[in-house]
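To start, the structure itself, in C-alpha cells.
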Amino acid sequence: MTVLENEQSHSQQDQPIQPYHTWSTSDTLDHLGSSEQGLSTAEAANRISKYGKNALQEQEGKSIIAKLLAQFKDVMIVILLAAALISGILGEWTDAFIILFVVVLNAVLGVIQENKAEQALAALKQMSSPNAQVRRGGETITIRAEDLVPGDIVLLEAGNVIPADIRILESASLKIEEAALTGESVPVEKDVEPLDKADVVIGDRKNMAYMSSNVSYGRGVGVVTGTGANTEVGKIAGFISQEEDEVTPLQKKLNELGKYFTIIIVVVAVIIFVVGYMQGRELLDMLLTSISLAVAAIPEGLPAIVTIILALGVQKMAKRKAIIRKLPAVETLGSTEIICSDKTGTLTQNKMTVLQAYVGDVMQPSQEPVQQLAGHEVFLQVMALCNDSKITSGDRADGIGFIGDPTETALVDFALKQSFDKRDAESRYPRQAELPFDSDRKLMTTIHDMTADHAQPYRVMTKGAPDVLLERCSGILRDGSIEPMSDVHRTAVAAANKALADKALRVLALAYRDCESLPEQLTPDAVERDLVFIGLVGMIDPPREEVKEAVRVCKAAGIRPVMITGDHRDTAAAIAKELNIIQDDSGVLTGSELNKISEKDFEQKVTEYSVYARVSPEHKVRIVQAWKKRGKIVAMTGDGVNDAPALKTSDIGVGMGITGTDVSKGVSDMVLADDNFSTIVVAVEEGRKVYSNIRKTIQFLLSANLGEVITLFIATMLNWKILFPIHILWINLVTDTLPALALGLEKAEADIMKRPPRKSSESVFADGVGSGIIYQGLMEAALTLFAYYWGHTHYAENIAVTMAFATLGLIQLTHSFNVRSNRKSLFTIGFFSNKYLNGAAIVSGLLVVLVILLPFMNELFDVVPLNGEQWLIVIACAVAIIPIVEIVKLIVRARGRDS
C-alpha cells in the first residue's frame, strides 16, 4: 500500500505534509504510488472509484418541483388561476376545473420542454469536454480529462489546457500561461528541479502546472498530484462561474415581440370586456372571456418552442459531426457568407504521403530506394529523429500505426519503408534537447547523442520551411561530403523546391550540424546556425473527395469559400484550383504580401483573394476583420493556440475536433468532430433549415393567435356569444404545442442551399412572414365567424357555438400544413411528407373532435353533438384555408418573389 493510500481521509486526496514542489521527481512518484510508465488500467479504475471524477462540483440543477413552480410565475397564468378561484367561489365548478386543467397541463408541457433542452445541451457539453494524453501501463492513450486520477502520467504539448494539478517530470522548453490563476500574463518557463522553500507562491512554483492554465510552448510530462476539488482552482470558491443560459438574438427579438403583442392583446381584451359588459353580458363571463383570450393569444410559449427547435437542430448537427457549443451559432450559421478554412485536414484528407525525395541534387520518386543516393543515411536520420511521431500497433496490413502530426508520421512511415526504423534509431541516438516547432520560426530542431557510432558526440537535426532553413545553412551535403553553400547551390535548391511545390506537394527541408557539446543556450540563434543542408522531401495531402462538391454547394448558396494555409503559394494554388476555389493564381495572396498592404487598402482588396498562403495565425485576424468591415458574416476554422484570436473575432469560430487544441476548441462556437470542410457546409444548411423552421413556427402561432383575437373582437362588437373561455383555452392548448414543435422538424426545402444567405439584420417577419400572419389570421377569423353565422341562422345557438369551436380548432391544424412553405405549393412538397406534423395534427384534431363526440365532454365544454351536414360545413371551413393560401402562393410565384 502506498503512502498516498495510507493518508486518505474524507477528502478526495490529502496533500502531503511537504508541498509537492519541494519533492524530487522520484520521491513524488513514490509518494503517489506511480512510475514513469504510468498507472495500470486496474489501478486507475480503483482510484477513480475511490477519489471520484476530476471535475469541479457544479451547481445543482433545479428540481422538477422547482421547474414546475417556475411555470406559474407568468403574470397571465396568475390571473388565470385567480379567474379559476373566482369561478369556484361563484359555483362555476366546470369552468374552474377546465381552467386549472389547462394551466397544469401547460406547466407540465413546459417542464418537459425545459428538460429536453437541458438534456440536449448537456449531451453536447459532454461531447466537447477536453481530453488528456496519459501514459498507462507504458502505453500512451487519450482519455477524458475528468477520468484522470492522482498518479496518472500526463503528456503535455502546446495548446493543451492543463487538466489537473501536475508535478512536472520532464520539460522540453515547456512554458505555461497561468494568467487565470496568478494574473501573470507572461508564460512561465517550467523545469523539473525541486524548490527549497515550502511557502512559495503559485506563480513561482516552476516545477508545477495547475488545472485550467494553458501550455503555450514546448512539451512536457508530469504526474497528477490533485484532481477536482483538490486542485488549486477547486480550492478557490466560485473561481469558475457556471455558464449562464444563453439567450439567442432571435429569442431576444421574440421576447420583445411578446411584450408588444401582450400590450396589444391586453388592450383588445379590455375593450372586449368593456363592450361585452355594456351589452348586458354577465360580468364573470366577460371577465373570464377577456382573460382567456389574453392568455391564449399572448405568445408566451414562443421562446420555449424556439429553444426546443434550436436544441433539436443542435442534436441533428451533432449527429452529422458538427458539435454546436454556443446556441446563438445555430442562427448565425444560416447567415454565413464567408467560410475561411484551413487547408490541411479540413479541405484535404490529412493523410500526408511522401512522393518525392531530393538528396544530393538528385530528385527521385518515393517508391525508389534512397540507399542508392549519397547522404541517404543522415537524410533518413533527420527525417525520423527530428520528429515527435510514435510508431505503434495499428490496422495496416503490416500491423503498424502512428501517433502524431500527419506530416511527421508521413516522414516516419517513409523512413520505415526505406528500412530505417525510428524505434531502433531512438534507442541508439537518444534525444538530449529540442527546440519545438512554432509557426513563427517555421523550424523544429532536436539534438541527439551520437556517441554510439560517430566521431562527433552530438548532432543537431533540423527540419522546416525550405526558404527559412536555407538562410541558416552555411554548407550542403553533396556526394557524401560537405561543401560550402554557394549561390549556385541555393539556386538549385530553390528550383527543386519550386518543382515540388508546382506539383501541389508540401516541401520540407532537412539539415544537420555535428558538434562537440550541447549548446550552452538552448535558443534558435544559438542552435539553428551553420547548418549543413541535406535535401528536400515532397509530400501531398490529397483533397477530400467530398470537398469539391461542398465548394460547389457553397458557391450555389452565395457563400464564398476562402482557403488559408501556411503552405507554399504554389501548393496552395494547386489544391485550390483542384477544388475550384479559384480559377487562376490572381486570387492568391501570401502572408508577406499581406504585410505590405495597409488595413484600409486590404479592406477594399479583400474581395480579390480566395487563397492565402504562407500566412501565420495573426494574419487570420486581419482577414476576418476585413470581411466583417464589409458587412459579411464570417466563419473561421482554427486548430492552434494562436488561432484563438481569429476564432473569437469571427462570427462563427469553428474548432477542429481531431487536430484542434483544447484552447482553440474552448473559444469556438462550433467544433467539427471530423475536421471536414464539408461538415461546415452541412452545418450551414442545418442552420438555414432551423431558422426557416422557426419562422414557420412563428408564422403558424401568431396567425392562429391573431385569428382568435379577431374572431372574438368582431363577435363581441356584433354582440355574438361565439366562444366560451374554456373553448379558447382548450384550442390554444391542443393546437399550439404539438403542431408548432412538428414544424420545427420540417425537412429543409430542396432549394435552401440555392438561395443567397440571409442578412443578419433581416427581420424575422421578412419574405412574406409578416404579411402572411396578417392575411392568414384574418382568413381564419372570417371562416370561423362564417361557421358561427351559418349555424346561428340555420340551426340553433348552441350548434352555432359548437361549429365555431370546431372550425377554429381544426382550421389551425389544417393551416399548419400551409406554413411549411411560403412559396411552394403544399401539393408540390407533399401533403403528408412531414410525419411528425401528420401525427401532431391527428392527435390535436382528435382532442378537438372528441370534446364534441363524447357525451360527458359535451357537458364540460358546453357543446352539443353535430350531425353530418353540420360536420361537412365545419370541415369545409377548416379546409378552405388551404386553397386560399395556395392562391396567394401562386400569385407570389408568378411575381417571382422568394420565400
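Keep in mind the model is a prediction, meaning the values are calculated, not measured.
Atom NZ of K442 has more than 12 neighbouring heavy atoms from other residues, nucleotides or ligands inside a 6.0 Å radius. More than 12 heavy-atom neighbours from other residues, nucleotides or ligands sit within 6.0 angstrom of CD on Q432. When the shell of 6.0 Å around CD of Q372 is examined, it contains more than 12 heavy atoms from other residues, nucleotides or ligands. More than 12 heavy-atom neighbours from other residues, nucleotides or ligands sit within 6.0 angstrom of CD on Q364.
Without hydrogens or angle criteria, R569 side chain to R614 main chain gives no donor-acceptor distance under 3.5 Å. K190 places a side-chain N or O within 3.5 Å of a backbone atom of M208 that can act as its donor or acceptor partner. Side-chain atoms of R136 do not come within 3.5 Å of backbone N or O of I141 as any donor-acceptor pair.
When every heavy atom of R529 is checked against every heavy atom of R513, the shortest pair comes out as O-NE, 3.0 Å.
Looking at residues two or more places apart in sequence or on another chain, you find a side chain to side chain contact (heavy atoms under 4.5 Å, CB included) between D424 and D421.
When the options T353, T409, V370 are evaluated for a side-chain contact (heavy atoms from CB on, under 4.5 Å) with F414, the one that passes is V370.
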Begin from the C-alpha positions of H31 and Y20 and carry the test ring-ring contact (aromatic ring centres under 6.0 Å, His included) through to its verdict.
CA-CA 10 Å; H31 177 78; Y20 283 113; 5.7 Å; yes
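With hydrogens and angles left out, the side-chain atoms of Y429 and D453 include a donor and acceptor closer than 3.5 Å.
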